[in-house]
Every structure is written in structure tokens, then in C-alpha cells.
Amino acid sequence: MPSHADLSLEAGLVALKQGNYQTAIAQLEPVASNQKNDNAGLQARVGLVMAYARSGQVSKAIALCQNLLESPNPQVQEWAERALEHLKKRQKRQNTSSNSATGFVAFENSNVDAAESKQQAKQTVVKAASSTGTSSTIPAGGYQNPNLETPIGPSSFIGSVNRPQAKSFNIYWRHAGRAKVWQPLHKLNLIPLKLLTAGTFIALFWVMREMLRLAMSLTNQILVKLPYLKPLQFLYRDPTVVVFVVLAIAMALSPWLLDWLLKKFYGQQELSKDILNGYSREAIRVLQRSCQQRGWQFPKLRILPIAAPMALTYGNLARNARIVVSQGLLEQLADDEIAAIYAMQFGQIVNRDFVVMSLVLLVTMTVYMLYQHISKWGSKYQGFWRWPAIILASLAYGVWGLLTGTALWLSKLRLYYSDRSASEITGNPNALIRALLKITIGVAADIAKQEQTSWHLESLNLLAPVSYQQSISLGSVAGHIPFTSLLMWENFNPYRRWFTLNNSHPLIGDRIQRLCKIARHWHLEPELHLTSEQALRGNHQSFLLQIAPWLGIPLGFLFAGLIWLVWQLGFALKILNLKWIYEDWSFVTGCLLIGFSIGMVIRMNAFFPDIQPANVQTDDRLPNLLANPSAIPIDSINVCLAGKLLGRQGVGNCLAQDLILQSNIGLVKLHHIPWLGQSINPQDWIGRQITVVGWFRRGATPWIDIQSLQTQNGKTINSAHPIWSTVLAVAAQAWGAYIFLRG
């Protein structure tokens, strides 16, 4: 049986051949450091030089080449000399070009162009050691030796995610094939997508109008109460026409406005066909063929200097559409996977849902940038001046969330259509499956590396192929547990779609299941062999308990109707004469609040059970908690996990919206609610090792409701989830009773 080092070496070389350099580095570094100068160690070092160089870490590549010059193997020495000469020239060019305005030098020319460099990176410089233990040689010739293209190893070894060895941070891809000739899928009905697109515009218009009305009304109310000031008469006018005109103009100018915003604040640049061709020749062919079939112009290509893999499309007509990808996506995905993502983005242009989504992105990005700048400004101050920034930043973040919410349903539905379009354009649904999973891994890795959710990931999340929320746990735990097990909840939990109502993206497992169905329709072996069992039979009692507060609202309405009938009957029979109190129907609102409050109380004990040290789950159980297909949030699994606290610092995290625990297994989202008078804030502990005690909840985005955070020196922060739930229930009950009795 191959050793762990052999498996890591094999996985690293496979990742290098595919162009997945970050994964290659993660796999090869332990082998290079532990195996020293034996055959596996030398192979790992040579592979690391290639991975470092292609991922932009030239200094590390040079240092490792200098180390290889001392190797006892003369072929390795010769190779290292040639590689070192090339790397030093490249470093000199990068230093010369590093004074560019944006600081983005990923596309500076070198002595080999991007296309040649990409091809060379896919050529491995070693032969993988065979399972029989025979040694392999390292051919000389450096980067441009054509003899360097050597087999990576037995193809049967690649992709079996169910192998037990894959549990140690190894991710193997099956690399299931593509269709050579395929029939078009049956034509889909686009009416639901078009109706939802129109509905999204109406929802955005209505929310913006109502928020503007509220702001105008509050402004005049304040002016009336202040001395020497008079209300502004134009603020009493109806803003409907103004909002509609502003949105229409914004939609017409959205391509150019978004160009300006993304270039100025995100570093967006043009991406030439030649550079894209260096990463994925198929992507260019796919776009050219698709445009020729429809008589369209080739879409404008853009790139963001972001390490996390992401892609988005914006514009208002096919002829001015922009397809944007990040540098991380080009670096971390293989040729056919990049093509699948471009086909997916092109599908959004064909379906025309990108028009309204571009408008939503323009509006939400503007508000988000306001929140971002207020947060950065407020973080510079302490004391009194910090509080206005906290209030304004929280308000801006809330408005951003409300505006984003208008497009949640469209954001989910359109991805099903674009996934299908990508499969039909490329004939390769398996490449899209790998791309989606690699994106989750890359996003989770970016969050772990930056130790926070970047502004880019959050602000552009609505148009991304995969949301950063669903990537946090799924992408970070990949390698500890097979994808087939990790996706079971998303495939088979009977209530899973209820927990995506407030999500911007559909479940990854659901999307992959549909893509696997397309692959089987074309008689292809799917990339993942998802279990073909039917959805689990749910525990209806637990689910009803989960939604008890919301179930209390319609029950409260029914209760109000029953009371109205009793009052009408009593009035008719001259038993009661309270009709004059309840003629305005405001008592119905009171009944709804009382119903909601009763539901909160009923759910309270099950949602926040006592945590006993004897029954807590530790971090080594995290993969099993994620893979449990029958779990729902009400199950409230008691956990005690240790790790590093990640998240944004300063005013930008004043609502504790970005708190993540990084354990040695993976990442998991944390929910914290502070208690009044608490002097310590979790933000003060970001970057430190902590222990989290709380309730693990498995939903579309797994999270932990914190009971307490504790540092290694014993300091503790308590989170007031049960207390605030009680306060909310009591407040709703009191308010409802007041309305009910007041009439």
C-alpha cells in the first residue's frame, strides 16, 4: 500500500499538472520538508519550484532552487541552475514593473509568454514513483525541455475520493470524461425566469421607494421638532417617478458605471484573448463558437486581481456584456474547468437575467462601499467618535442586506439555468462539477489565508458562481471527508430547501446532482457518484418545532378571526358590546405578535438546551456533523471546538457578522449576540487561539450559536442568545397584548 508521503506526492503532482498550484503547494511542502534528499523529497522540491513560480511566489522558488543546487543528484543540479537563471530574470522584470498604479503585475511579460508558461506548468518535471517502488529519474533540460512531459502516475489512482487515504488532506478528482458528440437537452421553459427577473426589478424599485419615503418623512419630522427650522416641502412629494427614472438611467449606464467602480476600487483590468488563451484555449473556442452561432460580438473580458476564485457577468445588452473572472480562478482551475465557468457566464447573457442582476449589483455595491468607507474611517477613532461610525456603518450594512434581499430568488433560480447552459455549450458537465467544488475550496482557502471575509467576496457575492457562506465549511473540510458524504445533507435532507430561503445561491449538492443527471443522460460517467437513495423521511415534529415562531403568525391570524366571530355573535345577541373597540381591526396585529411570541417560547428549550461537558462534540467530529443528512438547526448539537478566531476587525464587524472559527479540521461560521455592559468584544480576540462552546446547527450554511468564548489564559466572553430570545418573546407578547386590549 502506498505510504502517506507517496500519496501526497502523487496528489501534488496531479494538481501541478492541472494548474491547481495552491493545492500542489499544500500537498508537496510536507513531502519536501520530511523526505529530505530521497527520491520523493527531490520530486516534491522540483514540483514546488514549478508551483511557486507559476503562482507568483518567485522568492520562494529561488530559495528552493538554491537549495537544490546542493543536491547529490547531478541531473537535479543542472535543472536547478537553469531554473534559477530563469527565475532571477523574471524577478528582475517584476521588480521593474512593480511601480504600476494598481500594483497588479500578474500579466507582465517574461521570457516565455503566458500561453507557453501555462503549458510548461502542466508539464511535470518528474516521473511519479510507481507503486512497486522503482526509482524515477529527473530529466535535465529545465523549463523548455520537451522531454519533461512525463506520465503523472496510474490514472486509476486519481479521483477516488472514497479511498481512506484521502482523509489526510488529499483531494483526488476522478476526471470523468466529456461528451464527444451530444444531443441538445430538451428545451426549458424560460417564463419562470423572466417573470422572476421582472419581479426582482419591481421588488428593488418598491424597497428603494419605501426607504426613500421613510427617510424623507423622518427628516421632516426632525425639522418640525427643531427650533428655527421648517420642514422641506419637496420632501412631502411622492418619490415614485424619481426612483423609477433613477433606476432606468442606472440600468442604461450600468456597464460603464460598473466598469468605473470595479476599476477604481477593485483593480479591475482588461483581459486579452491571448492571455486567456494561455490559461484556457477551450474557453476562447467556446466563446467564439457561441457568439458566431448567435451573430453576437465577442464579449468584453475583464479580470480582478483577487486570489479567491470568482466570476461574474454584467451589462444590459449582449453587445456590451462583460465577463469578469479573478486571477485566482485562472490559477486554480484547469483548462476545461475555466471553459465551463465562461460557458456558465455566457449562459446568463443568453438568458438575459444578467441585466437586472447588473442593476442590483450597481445599487448594492454603491451602498456597500459606503459601509466599507465608514467602517474604515470609524476604525481610526476610539471613544465617542467611534459610536457615530458604528451607527452609520450598521445602518448602511442593513440597507445593503435589504437591497440584496430583493434578488435572492432570482440569484438562485438563474444558476440552475446557467449550469444547464454551460453543460450544453461545452458537453462537459463534469468539468463544471469540478469547477464548482474547486471554487469552494479556493474561497475557503482565501478566507483562511486572509483571516477574514474580504470586502470583495462579500460585496460581489450575489453574482458569484458559489457563495462564500456555503464555501466556508464545505471548502475547508474537503479532504477530510469524501465529497459524496459531505454533500449528503444537501442532496437528501427533506427540509433542505426551506433553509435556503434567505440564501443567495442554491445548494451545491443540488446543483451537482442535476449536473450528474445531465452526464448520465449523455452516457457519461459522472464526476461524483452520489448516492441514489431517495430523500430521507423527515421528523415532522422537529421541523414544526423549528418553525414554531413563524407558524405562530398564521395561527395568530386564525385566532384573530375566531375572536372576531365571537364578538360579532355576542354583539348580535346583545351579550357583548365591544365592537366599537375593534372596528379598526388593529387587534389582528396584536394577535399575530402574540402568536409569534408563543412560538418563540415553545421553541426555546429545544433550541438552547443545557450544555453538559459529558455530551459535547469536539473538532474531530466536525466532518461527521456536516455529513449528517438528517440534521436540522433545531437539533442543537452541543460542541466545544478549539481553534483560531477569524474575522474583520474594527467598525466593519460591529454587528459580529464576520466571525469564523478555524479549527485544525476546517472553518465554521460563528453567531454572537453581545450582552449589555460587556467590556470585552470578540473582535479583540481575532487572530488568537480560543475555545468555543455552543450549539452547532446544520443548515444550508452550518454555524455555531456561541454560548461562550474562552482564551488560553482563561478570559471568557458569554453570548446572550437565550437571553435575547427571551427578551424578544416577552417584548412581542407585551406589545401584542397592548395592541389587542387598546383596540
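- Annotation: side chain of F607 is in contact with side chain of I634 (closest heavy-atom distance under 4.5 Å).
- Of the possible polar contacts, one joining the S423 side chain to the D419 backbone as a donor-acceptor pair under 3.5 Å is found.
- A centroid separation of 6.0 Å or more is found between the aromatic rings of W489 and Y495.
- Between the side chain of R434 and the backbone N or O of D336 there is no donor-acceptor pair closer than 3.5 Å.
- In this structure, CZ on R511 lies 10.0 Å from CG on L437, to the nearest 0.5 angstrom.
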Worked verdict on Y52 versus E29 for side chain to side chain donor-acceptor pair (under 3.5 Å): CA-CA 11 Å; Y52 283 146; E29 280 182 338; 2.4 Å; yes
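- You'll find the side chain of I704 stays beyond 4.5 Å of the side chain of W695, heavy atoms only.
- In this structure, R178 and N430 have side chains that are not in contact, with every pair of non-hydrogen atoms separated by 4.5 Å or more.
- In terms of heavy-atom proximity, L329 sits nearest to M310 at CD1-O, 3.7 Å.
- The main-chain N or O of L185 is found under 3.5 Å from a side-chain atom of E424 such that the two form a donor-acceptor pair.
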I'd like to know whether R648 forms a salt bridge (charged side-chain N to carboxylate O under 4.0 Å, His left out) with E458, so could you lay out the CA-CA distance, the side-chain angles of the two residues, the decisive distance to 0.1 Å, and finally the verdict. CA-CA 12 Å; R648 283 198 292 267; E458 189 169 49; 2.8 Å; yes
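- Contact of the R496 side chain with the L507 side chain is registered, since non-hydrogen atoms from C-beta on lie closer than 4.5 Å.
- Among residue pairs with one or both ends in residues 628-639, none qualify as salt bridge (charged side-chain N to carboxylate O under 4.0 Å, His left out); sequence neighbours excluded.
- Rounding to the nearest 0.5 Å gives a distance of 13.0 Å between CG of L626 and CE of M488.
- Between the S411 side chain and the L408 main chain, no donor and acceptor come within less than 3.5 Å of each other.
- Taking 4.5 Å as the limit, some side-chain heavy atom of L188 sits within range of a side-chain heavy atom of R420.
- One distance of note links CZ of R414 with CE of M357; it measures 4.5 Å at 0.5 Å rounding.
- N664 CG to D620 CG: the interatomic distance, rounded to the nearest 0.5 Å, is 8.5 Å.
- At a cut-off of 3.5 Å, with distance as the only test, a side-chain donor of T453 or D658 sits close to an acceptor on the other residue.
- Pairs of residues two or more places apart, or lying in two chains, that qualify as ring-ring contact (aromatic ring centres under 6.0 Å, His included) and include a residue from residues 448-478 are Y266-H456, Y371-W455.
- Between the side chains of N539 and S542, at least one donor N or O sits under 3.5 Å from an acceptor N or O.
- Between the side chain of T440 and the backbone N or O of S471, no donor-acceptor pair lies under 3.5 Å.
- Between P682 and L709, the closest heavy-atom pair is CB-CD1, 4.0 Å.
- Side-chain polar atoms of N461 and S459 form no donor-acceptor pair below 3.5 angstrom.
- With contacts defined as side-chain heavy-atom distances shorter than 4.5 Å, the pair V31/Q27 does not qualify.
- Geometric assessment of R174 against the ring of F483 yields a negative cation-pi assignment under the 6.0 Å and 45° thresholds.
- In terms of heavy-atom proximity, A311 sits nearest to I341 at CB-CG2, 3.7 Å.
- By the 4.0 Å N-to-carboxylate-O rule, D335 lies too far from R281 to be salt-bridged with it.
- Between Q57 and S55, the side chains place a donor N or O and an acceptor N or O closer than 3.5 Å (distance only, hydrogens not considered).
- Judged by distance alone, with hydrogens and angles left aside, the side-chain atoms of N351 form no donor-acceptor pair with the main-chain N or O of D353 at under 3.5 Å.
- Shown here is R621, whose CZ atom has no more than 12 heavy atoms of other residues, nucleotides or ligands within 6.0 Å.
- A642 and S663 get closest at one heavy-atom pair: O-CB, 3.5 Å.
- Cation-pi geometry between R698 and F499 is not met at under 6.0 angstrom from the ring centre and within 45 degrees of the axis.
- Side-chain N or O atoms of S326 include one that pairs as donor or acceptor with a backbone N or O of A308 at under 3.5 Å.
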Dump the intermediate steps for side chain to side chain contact (heavy atoms under 4.5 Å, CB included) on L474 and I508, then the final yes or no. CA-CA 9 Å; L474 176 61; I508 289 285; 4.0 Å; yes
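- At distances below 3.5 Å, at least one donor-acceptor pair connects side-chain atoms of H505 with backbone N or O atoms of A464.
- Listed for the Q469 side chain is no donor-acceptor partner under 3.5 Å among the backbone atoms of N503.
- A distance-only check finds a donor-acceptor pair linking the side chain of E337 to the backbone of A334 [under 3.5 Å].
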Checking W173 against K438 for the side chain to side chain contact (heavy atoms under 4.5 Å, CB included) test, could you report, in this order, the C-alpha distance in whole Å, the side-chain angles of both residues, the deciding distance, and whether it holds? CA-CA 10 Å; W173 305 98; K438 287 183 180 181; 3.7 Å; yes
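- Counting heavy-atom neighbours within 6.0 Å of W522 CH2, excluding the residue itself, gives a total above 12.
- For the pair S418 and M344, the tightest heavy-atom approach, listed with the atom from each and the gap, is CB-O, 3.5 Å.
- A distance of 11.0 Å separates NZ in K644 from CG in L667, rounded to the nearest 0.5 Å.
- Contact check for Q327 versus I303: side-chain heavy atoms found under the 4.5 Å cut-off.
- Exactly one residue among L670, V693, I690, D619 makes a side chain to side chain contact (heavy atoms under 4.5 Å, CB included) with L641. That residue is D619.
- The minimum heavy-atom distance linking T701 with Q470 is given by the pair OG1-N, 4.4 Å.
- With a 4.5 Å cut-off on side-chain heavy atoms, F696 and V668 count as touching.
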Give the intermediate values and the outcome of side chain to side chain contact (heavy atoms under 4.5 Å, CB included) for residues E331 and Y279. CA-CA 8 Å; E331 295 286 355; Y279 289 97; 3.5 Å; yes
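- Within the model, atoms OG1 of T500 and NZ of K412 stand 5.0 Å from one another, a figure rounded to the nearest 0.5 Å.
- Listed by first then second residue, pairs satisfying salt bridge (charged side-chain N to carboxylate O under 4.0 Å, His left out) with a partner in residues 513-522 read D510-R514, not counting sequence neighbours.
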